[in-house]
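When a ligand or atom number is given, it counts from 1 through the structure's own listing order.
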Amino acid sequence: MILLDGKRLAGILSDEMARQVAQLRQSTGQVPGLGILRVGDDPAGAVYVENKIKQAKRIGLNVFSRALPDNDEQALVRAIESFNRHPDIHGFIVQLPLPAGWNTNGLLEKIDPSKDADGFHPLNLGRLLADDFDLMPATPAGIVELLRYYDIPVAGKHVVIAGRSRIVGRPLAAVLAGRHPLGNATVTLLHSRTENPGQYIREADIFVSAVGIPHRWKAGMFKSGAVAVDVGINALPGGKLAGDIDPQGLEKMLSAYTPVPGGVGPMTVAMLLRNTLRLFERKMKGKI
Ligand code: NAD
C-alpha cells in the first residue's frame, strides 16, 4: 500500500508557489494578499487559521487576518464588505463553521466572487457544474492534485464519496464526474440518509470519506486494491486526531491511502494559497 503523502506534496507545491510569488512581485510590483476572517474563539478554528497564516507567509503572501465576535453577524458583514473593497487583498476566506443559527449561505454570498479564495460562493460552485474548474474549493482541489501526483487513474473508475457538504463532498462529486482532465469518473455520493452504505463502498475503485465520524469505515469494507482518501479530521478524547477510516488492517486491502494527519489537510491549505495566486493573476489580467 502506498501512503499518499499530502504533507510532502504540499511542501513541493508551496516551494513552487514561493518562486511564483517572487516572480509576480518583480513583474507587477505587487504582493498577492490573502485575507482571513475568523469568528469566535473556538480553539480548533484558531489552529486551522494559524496554520493557514503560517503557510501563506512562508510563500511570501501578505496576510490580513481579523478575529470577530461570535454574537454579532453584522460585524462579519461589515468585515466582508471591507475586505471586498480592500485593494491589497486579492482573495479571502471566512473560516467555517460559523456560529449555530447564523446565515452561512447568505454571508458567503456577500463575498465578492472575484475574491472568493475558498470557492464557496454559489457563482464559483456553479461554475464547477459548467465544467469550469479554474477555481475549485480547496479540499476537492487538494484531492485531485494528490491523485494526479501519484498517477492514480480516475477516468472511467467508480468513485464513491461519503459526505455531501458544500465544502467537500458535493464540489468533489462535480469535479470528478465532470469533464475535468482528472475527472470523467462514475461517482456515487453517499450521505447520512443512504441506506446500507457498505454495498456501495465495496464496489468503489476510489473511496473518499468526509463524514466527520472517527473510524467509521473499516478495512474489511473495501474492495481489494482500492484507493481510500480520508478527509475526516476528528479529535479523539485526549486530543489525538483520527480520520473517518480505521487504519487497522488497511495495509492488506488497499493499494493507496491518505494518512490522517498528513494527507488531505496540508493539501487543502496549499490549494487555498494556489487559489489566492489565481485570483491575483486574474485581477492583473483584468478577468473576473
Ligand atoms: P459536514 O460535517 O458538514 O457533514 C458531514 C457529512 O457526512 C454530511 O453530508 C452527512 O450527510 C454525511 N454523513 C454523516 N454520516 C454519514 C454516514 N454514516 N454515511 C454517509 N454519509 C454520512 O462535512 P464536512 O464539513 O465536509 O466535514 C467532514 C469531515 O471532514 C470533518 O471531520 C471535517 O473536520 C473534515 N474536513 C477536513 C478537511 C481537510 O482539509 N482535511 C477539510 C474540510 C473538512
Of the side chain and backbone of P197, name the one, both, or neither that has a heavy atom under 4.0 Å from an atom of ligand 1. neither

Is it the side chain, the backbone, both or neither of I167 that has a heavy atom closer than 4.0 Å to ligand 1? side chain

Just jot down the ligand 1 atoms closer than 4.0 angstrom to any heavy atom of G163, in number order. 6 (C), 7 (O), 9 (O), 12 (C), 21 (N)

Can you measure from CD1 (I167) to CG (D118) and round to the nearest 0.5 angstrom? 8.0 Å

Protein contact for atom 3 (O) of ligand 1 (heavy atom, distance under 4.0 Å): yes

If you compare all heavy atoms of I201 against all heavy atoms of M221, which two are closest, and at what distance to 0.1 Å? CG2-O, 3.7 Å

Before accepting this row, confirm whether a basic side-chain N of the pair D244/R216 lies closer than 4.0 Å to the acidic partner's carboxylate O. no

So is Y48 polar-close to ligand 1, meaning N/O to N/O under 3.5 Å? no

Rounded to the nearest 0.5 Å, what separates atom OG in S27 from atom CD in Q20? 10.0 Å

Give a yes/no on ligand 1: does R216 have at least one heavy atom closer than 4.0 angstrom to it? yes

So is W217 touching ligand 1 or not, going by heavy atoms under 4.0 Å? yes

Answer yes or no: is there an ion pair linking E145 with R148, defined by an N-O contact shorter than 4.0 Å? yes

Protein contact of atom 14 (C) of ligand 1 - nearest heavy atom, named by residue and atom, plus distance: S192 CB, 3.9 Å

Which value, rounded to the nearest 0.5 Å, describes the distance between M267 atom CE and L147 atom CG? 9.5 Å

Once you restrict to heavy atoms under 4.0 Å, what part of T268 touches ligand 1? Side chain, backbone, both or neither. side chain

Could you identify the single nearest non-hydrogen protein atom to atom 1 (P) of ligand 1 and state the distance to 0.1 Å? S165 CB, 4.2 Å

Go through ligand 1 atom by atom and flag the ones less than 4.0 Å from a non-hydrogen atom of V168. 26 (O), 43 (C)

Output the list of atoms in ligand 1 that are nearer than 4.0 Å to some heavy atom of G212, sorted by atom number. 28 (C), 29 (C), 31 (C), 32 (O)

Where does I233 meet ligand 1, judged by heavy-atom distances below 4.0 Å: at the side chain, the backbone, both, or neither? both

I need the atoms of ligand 1 closer than 4.0 Å to a non-hydrogen atom of I213, numbered in the order shown. 15 (N)

Region of T194 that comes within reach of ligand 1 [heavy atoms, distance under 4.0 Å]: neither

Nearest 0.5 Å please: distance from the CG atom of L277 over to the CD atom of E16. 11.5 Å

Around atom NZ of K110, are there more than 12 heavy atoms of other residues, nucleotides or ligands at under 6.0 Å? no

Specify the protein heavy atom at minimum distance from atom 20 (C) of ligand 1: its residue, its atom name, and the distance to 0.1 Å. H191 O, 3.3 Å

Knowing that exactly one of D134, D132, D116, N275 qualifies, which makes a side chain to side chain donor-acceptor pair (under 3.5 Å) with N124? D116

Go through ligand 1 atom by atom and flag the ones less than 4.0 Å from a non-hydrogen atom of T139. 40 (O), 42 (C)

Heavy-atom nearest neighbour in the protein, as seen from atom 8 (C) of ligand 1, with distance rounded to 0.1 Å: R164 N, 4.0 Å

For ligand 1, which atoms sit closer than 4.0 Å to a heavy atom of G265? 40 (O), 41 (N)

So which heavy atom on K223 is nearest to which on D205, and how close? NZ-OD1, 2.6 Å

So between A210, A235, P140, P137, whose heavy atom ends up nearest atom 6 (C) of ligand 1? A210

Roughly how far, to the nearest 0.5 Å, is OG1 of T194 from CD of Q199? 9.0 Å

Would you say ligand 1 has an N or O under 3.5 Å from any N or O of A162? no

D244 to ligand 1: N or O pair under 3.5 Å? no

Per atom 22 (C) of ligand 1, closest listed option by heavy atom (V211, V160, I201): V211

Which distance, rounded to the nearest 0.5 Å, do you find between the CD1 of I80 and the CG of L108? 7.0 Å

Verify salt bridge (Lys or Arg N to Asp or Glu O under 4.0 Å) between D15 and R58, making sure each step is shown before the conclusion. CA-CA 9 Å; D15 289 346; R58 201 188 129 206; 2.9 Å; yes

What's the shortest distance from atom 36 (N) of ligand 1 to any protein heavy atom, and which residue and atom give it? V231 O, 3.7 Å

Pull out every atom of ligand 1 sitting under 4.0 Å from any heavy atom of N234, numbered as shown with elements. 32 (O)

Step by step, work out the side-chain contact (heavy atoms from CB on, under 4.5 Å) result for T188 and E203. CA-CA 10 Å; T188 301; E203 299 289 321; over 6 Å; no

Parallel, tilted or perpendicular: which one describes the rings of F222 and F207, with boundaries at 30° and 60°? tilted

